[in-house]
Amino acid sequence: MPMKVLFILRQAPGNLLLHKKVTDLLSLIAKEQTLEDSAVFFTDDAVSISSKGIGQLPEHKEIQEAYLKVSLENSISLFVCGRAFKEKGLEKEQVQEGFLLSGNFELTTYIATADKVIEF
């Protein structure tokens, strides 16, 4: 039976070990379970991961690429809190392709319908 998982990420890209563990966990869950309509929701400091400007530090670019790879390989949506993105001083044109600006509606919908919600 397919499983719907939501990851909520708040941690800044500087927390390299955590983001590596999250992308590894996403890949592991996807290998063990059929994921359906699953998502990652970036908010607070984690929204920086979705920015085109993240490439200034190679380690941060690697994190972004890891999320994009997991997303593409497993059809996992990458949502970015529009309010948090704006509060970081970022404009919507700065969202990296593969990430989707969203809001509380998407977050609430996923929380209400997910089989599992994991927050970091």
Side-chain angles (χ1 to χ4, degrees):
M1 182 170 152
M3 185 165 86
K4 184 173 183 177
V5 178
L6 171 65
F7 279 75
I8 301 172
L9 296 175
R10 300 177 183 279
Q11 301 297 316
N15 196 336
L16 300 172
L17 182 58
L18 175 110
H19 290 289
K20 172 73 171 126
K21 295 282 185 193
V22 171
T23 54
D24 288 349
L25 182 57
L26 276 166
S27 294
L28 180 65
I29 291 171
K31 285 179 184 163
E32 294 179 355
Q33 267 314 128
T34 301
L35 294 181
E36 181 177 279
D37 198 25
S38 293
V40 177
F41 190 88
F42 297 86
T43 189
D44 297 332
D45 291 335
V47 297
S48 300
I49 294 168
S50 66
S51 171
K52 289 179 181 177
I54 194 101
Q56 294 172 350
L57 293 173
E59 299 86 9
H60 293 176
K61 185 66 174 171
E62 288 173 20
I63 291 170
Q64 183 185 74
E65 290 171 352
Y67 281 109
L68 289 167
K69 181 180 179 193
V70 168
S71 170
L72 286 172
E73 290 176 351
N74 303 290
S75 299
I76 297 171
S77 299
L78 302 175
F79 292 111
V80 181
C81 177
R83 178 197 47 79
F85 199 75
K86 187 173 183 175
E87 286 177 1
K88 287 287 179 195
L90 300 165
E91 299 294 327
K92 62 183 177 183
E93 295 81 17
Q94 293 173 289
V95 175
Q96 179 64 42
E97 187 177 332
F99 292 86
L100 305 166
L101 280 181
S102 66
N104 288 332
F105 176 77
E106 289 84 3
L107 178 60
T108 303
T109 301
Y110 272 87
I111 288 173
T113 60
D115 297 307
K116 184 174 285 217
V117 177
I118 304 168
E119 185 174 350
F120 292 95

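Here, residue 1 is the first one in the sequence, and each next residue gets the next number. Heavy atoms only: backbone and side chains are in, while hydrogens, waters and symmetry mates are out. The shown structure was predicted, so the numbers you read here are calculated from the model rather than taken from an experiment.
Closest approach of Gly82 to Leu101, counting heavy atoms only: CA-CD2, 3.9 Å. Contact record, Glu106 with Gly103: OE1-N, 2.9 Å, taken as the closest heavy-atom pair. Ile54 and Pro13 make their closest contact through CD1-CG, 3.8 Å (heavy atoms, listed as atom of the first residue, atom of the second, distance). Of all heavy-atom pairs between Gln94 and Glu91, the closest is OE1-N, 2.6 Å. When all heavy atoms of Val47 and Cys81 are compared, the pair lying nearest together is CG1-O, 4.0 Å.
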Task: Candidate pair Met1 and Thr34, rule side chain to side chain contact (heavy atoms under 4.5 Å, CB included), full reasoning - done: CA-CA 7 Å; Met1 182 170 152; Thr34 301; over 6 Å; no

Task: Steps toward side chain to side chain contact (heavy atoms under 4.5 Å, CB included) verdict (Leu68, Gln96) - done: CA-CA 10 Å; Leu68 289 167; Gln96 179 64 42; 4.2 Å; yes

TODO: Report the C-alpha separation of Arg83 and Glu87 in whole Å, then their side-chain angles, then the decisive distance to 0.1 Å, and conclude whether the salt bridge (charged side-chain N to carboxylate O under 4.0 Å, His left out) test is met.
DONE: CA-CA 6 Å; Arg83 178 197 47 79; Glu87 286 177 1; 3.0 Å; yes

Open item on the list: Leu107 vs Phe79, test: side chain to side chain contact (heavy atoms under 4.5 Å, CB included). Steps then yes/no.
Closed with: CA-CA 9 Å; Leu107 178 60; Phe79 292 111; over 6 Å; no

TODO: Show your working on ring pair (Phe, Tyr, Trp, His ring centres under 6.0 Å) between Phe42 and Phe99 and close with a plain yes or no.
DONE: CA-CA 10 Å; Phe42 297 86; Phe99 292 86; 5.6 Å; yes

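A 4.5 Å side-chain heavy-atom check between Val22 and Gln11 finds every atom pair outside the cut-off. Within the 4.5 Å cutoff, side-chain heavy atoms of Leu25 are placed close to those of Phe7. Contact check for Leu78 versus Val70: no side-chain heavy atoms found under the 4.5 Å cut-off. Side-chain contact check for Ile29 versus Met3: some heavy-atom pair is nearer than 4.5 Å. A 4.5 Å side-chain heavy-atom check between Leu26 and Asn74 finds every atom pair outside the cut-off.
Rounding to the nearest 0.5 Å gives a distance of 8.5 Å between OG1 of Thr23 and CD1 of Ile63. Atom OG in Ser77 sits 6.5 Å away from atom CG in Asp37 (nearest 0.5 Å). If you take OG on Ser51 and CD on Glu93, they are separated by 11.5 Å, rounding to the nearest 0.5 Å. Here Gln64 contributes atom CD and Glu59 contributes atom CD; the two are 13.5 Å apart, rounded to the nearest 0.5 Å.
Two different hydrophobic clusters hold Phe41 and Phe85 under the rule that ILVMFWY side chains link at heavy-atom gaps under 4.5 Å. Side-chain heavy atoms closer than 4.5 Å link hydrophobic residues (I, L, V, M, F, W, Y) into clusters, and following such links, possibly through other members, connects Leu100 to Ile8. Under the 4.5 Å side-chain heavy-atom criterion for grouping Ile, Leu, Val, Met, Phe, Trp and Tyr, Leu6 is not connected to Val80 through any hydrophobic cluster.
Residue pairs meeting the ring-ring contact (aromatic ring centres under 6.0 Å, His included) criterion with at least one partner in residues 9-28, sequence neighbours excluded, are His19-Tyr67.
A cation-pi contact links Lys4 to Tyr110, judged by a cut-off of 6.0 Å to the six-membered ring centre and 45° from its axis.
Surrounding CG of Asp24 are more than 12 heavy atoms belonging to other residues, nucleotides or ligands, all under 6.0 Å away.
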